[in-house]
Every structure is written in C-alpha cells, then in structure tokens.
Amino acid sequence: MSHAQDGATIFKRCAACHLPTGAGVPGAFPPLKADVAALAGSPTGRRYLALVVIRGVSGPITVGGKPFRGTMPAQSGLNDEQVAAVLNHVLRGSAAKPFSAKEVAGFRAGSASLNSAAVARLRTSAAGK
Ligand code: HEC
C-alpha cells in the first residue's frame with residue numbers, strides 16, 4: 001500500500017468527527033483546510049499539527065475565524081509514518097511541504113509531558129495571536 005493510500009485509510013478515523021471532506025462541523029469539529037495549510041508553513045505550526053494527532057488538543061482555539069472549545073482525543077496507535085501520512089492526506093492539494101516520519105519523530109520526542117491544553121497553546125504561538 002502506498003503512503004498516499006495509507007493516509008486516506010487512516011483519515012477514516014478522523015472523518016468520524018471532521019467529516020470525510022474535512023469540512024468539520026461548526027462549533028464542534030474544526031475544518032481541516034486553509035488554517036491547517038497555513039500552520040504547516042511554520043516550524044511551530046508543524047509541531048502543533050503533529051502533536052494535535054499524537055497528544056490531542058483542547059482549546060479554546062480559533063479556526064477559520066470561529067471559536068472551538070472542544071477536545072480532540074490523542075489518536076493513539078499511529079506510528080510516526082502514519083501520523084505523517086494522515087497529515088499529508090489532509091494537506092493534499094496545498095503548497096505545504098509534506099511531513100516525513102523523521103520530522104514527526106522529532107516532534108514526538110520530548111512531547112510526553114504536553115497535555116492537550118498545552119498543545120492548544122502551541123497553536124496560539126504559531127498563529128501569532
Ligand atoms: C473524536 C473526534 C475527533 C477525531 C476522531 C479527530 N479529531 Fe481532530 N479535532 C477534534 C476537535 C474537537 C478539535 C478541536 C479541539 C478544540 O476545540 O480545541 C480537533 C482539532 C484538530 C486539528 C486542529 C485544527 C486547527 O486548525 O488548529 C487538527 C489538525 C486535527 N484535529 C486533525 C485530526 C486528524 C488528522 C485526525 C485523525 C488522525 C483527527 N483530527 C481526529 C475532534 C476529533
């Protein structure tokens with residue numbers, strides 16, 4: 001199975017909340033679109049995206065100008081390659097540099113003490129607000 005197919009397969013578990021299109025549900029599950037592509041353009045944003053999947057995220061966060069105050073559980077059981085594959089699936093069609101398993105491994109290292117609220121604060125610093 002190619003990595004691209006892997007990403008689509010893994011995304012099925014994400015689609016339960018974010019919908020198969022990634023459009024999300026207002027007030028509950030954020031869209032995985034323009035904001036994710038923008039976050040993937042900075043080192044802090046890339047760390048945030050990887051740790052959202054690895055550690056979970058618990059806002060408040062603002063996505064697409066709309067507030068979200070939910071909790072995404074850590075997506076346990078995904079290895080570095082699978083985290084990279086699913087993020088690359090989300091980013092397909094954008095100009096963002098693809099994630100590699102090695103990059104994800106670097107973000108995972110030392111992240112065990114970060115809880116989902118700390119991950120949300122990474123987004124705030126990545127977005128500069
Ligand atoms: C059980 C529901 C659920 C599942 C499953 C889930 N998420 Fe989430 N996700 C959320 C919620 C809720 C938030 C927003 C949390 C908040 O309000 O702070 C979120 C936030 C995010 C964000 C942050 C977006 C941004 O702009 O900051 C990303 C990226 C993301 N999810 C990707 C994924 C991926 C990839 C998967 C699958 C591997 C996944 N999610 C699975 C519920 C889920």
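We count ligands from 1, going down the list as the structure has it; atoms in each ligand are counted the same way. Just so you know, these numbers come straight off a predicted model, no measurement behind them. Atoms considered below: every heavy atom in the structure, side chains included; atoms not considered: hydrogens, waters and symmetry mates.
Here the straight-line distance linking atom OH of Tyr48 with atom CG of Leu114 works out to 13.0 Å at 0.5 Å rounding. The distance from the CG atom of Leu49 to the CG atom of Leu122 is 10.0 Å, given to the nearest 0.5 Å. Atoms OG1 and CG, from Thr71 and Asn115 in turn, are 10.5 Å apart once rounded to the nearest 0.5 Å. The distance from atom CZ of Arg108 to atom CG of Asp80, rounded to the nearest 0.5 Å, is 4.5 Å. Rounding to the nearest 0.5 angstrom, the gap separating the CD atom in Glu103 from the NZ atom in Lys97 is 5.0 Å.
The heavy-atom pair separating Val25 from Cys17 by the smallest distance is CG2-O, 4.2 Å. Across all their heavy atoms, Ser111 and Leu51 have their closest contact at CB-CD2, 3.6 Å.
Below 4.0 Å from some heavy atom of Ser58 lie the following atoms of ligand 1, by number and element: 18 (O). Residue-ligand proximity, Arg69 to ligand 1, at heavy-atom distances under 4.0 Å covers atoms 17 (O). Residue Leu49 has at least one heavy-atom neighbour below 4.0 Å for each of these atoms of ligand 1: 29 (C). Close approach of ligand 1 to Tyr48 (heavy-atom distance below 4.0 Å) involves ligand atoms 23 (C), 25 (C), 27 (O). Applying the 4.0 Å criterion to heavy atoms of Phe68 picks out, from ligand 1, the atoms 17 (O).
Of the protein's non-hydrogen atoms, the one nearest atom 18 (O) of ligand 1 is Gly59 N, 2.5 Å. Scanning the protein heavy atoms around atom 16 (C) of ligand 1, the nearest turns out to be Gly70 O, 3.2 Å. Of the protein's non-hydrogen atoms, Arg13 O, 3.3 Å is the one closest to atom 5 (C) of ligand 1. Here the heavy atom of the protein found nearest to atom 26 (O) of ligand 1 is Arg123 NH2, 2.8 Å.
At a heavy-atom distance under 4.0 Å, no atom of Phe11 approaches ligand 1. Using a 4.0 Å cut-off between heavy atoms, Thr71 contacts ligand 1 through its backbone alone, with no side-chain atom that close. Residue Ala16 does not touch ligand 1, judged by heavy-atom distances below 4.0 Å.
For Arg92 (side chain) and His89 (main-chain N/O), a donor-acceptor pair under 3.5 Å exists by modelled atom type. Proximity of a side-chain donor or acceptor of Arg123 to a complementary backbone N or O of Thr62 within less than 3.5 Å is detected.
Cation-pi geometry between Arg46 and Phe99 is met: under 6.0 angstrom from the ring centre, within 45 degrees of the axis.
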Self-check item: Criterion side chain to side chain contact (heavy atoms under 4.5 Å, CB included) on Met72 and His18, from CA distance to verdict
Solution: CA-CA 10 Å; Met72 171 173 155; His18 294 282; 4.1 Å; yes
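Linking Ile, Leu, Val, Met, Phe, Trp and Tyr whenever their side-chain heavy atoms come within less than 4.5 Å puts Ile54 and Leu39 in one cluster. Under the 4.5 Å side-chain contact rule for hydrophobic residues, Phe11 and Phe29 do not share a cluster.
For ligand 1, the polar-atom distance check finds no N/O of Ala28 at less than 3.5 Å from any of the ligand's N/O atoms.
Distances shorter than 4.0 angstrom do not occur between any heavy atom of Ala120 and any atom of ligand 1.
Only protein N, O or S atoms were considered, and those under 2.8 Å from atom 8 (Fe) of ligand 1 are His18 NE2, Met72 SD.
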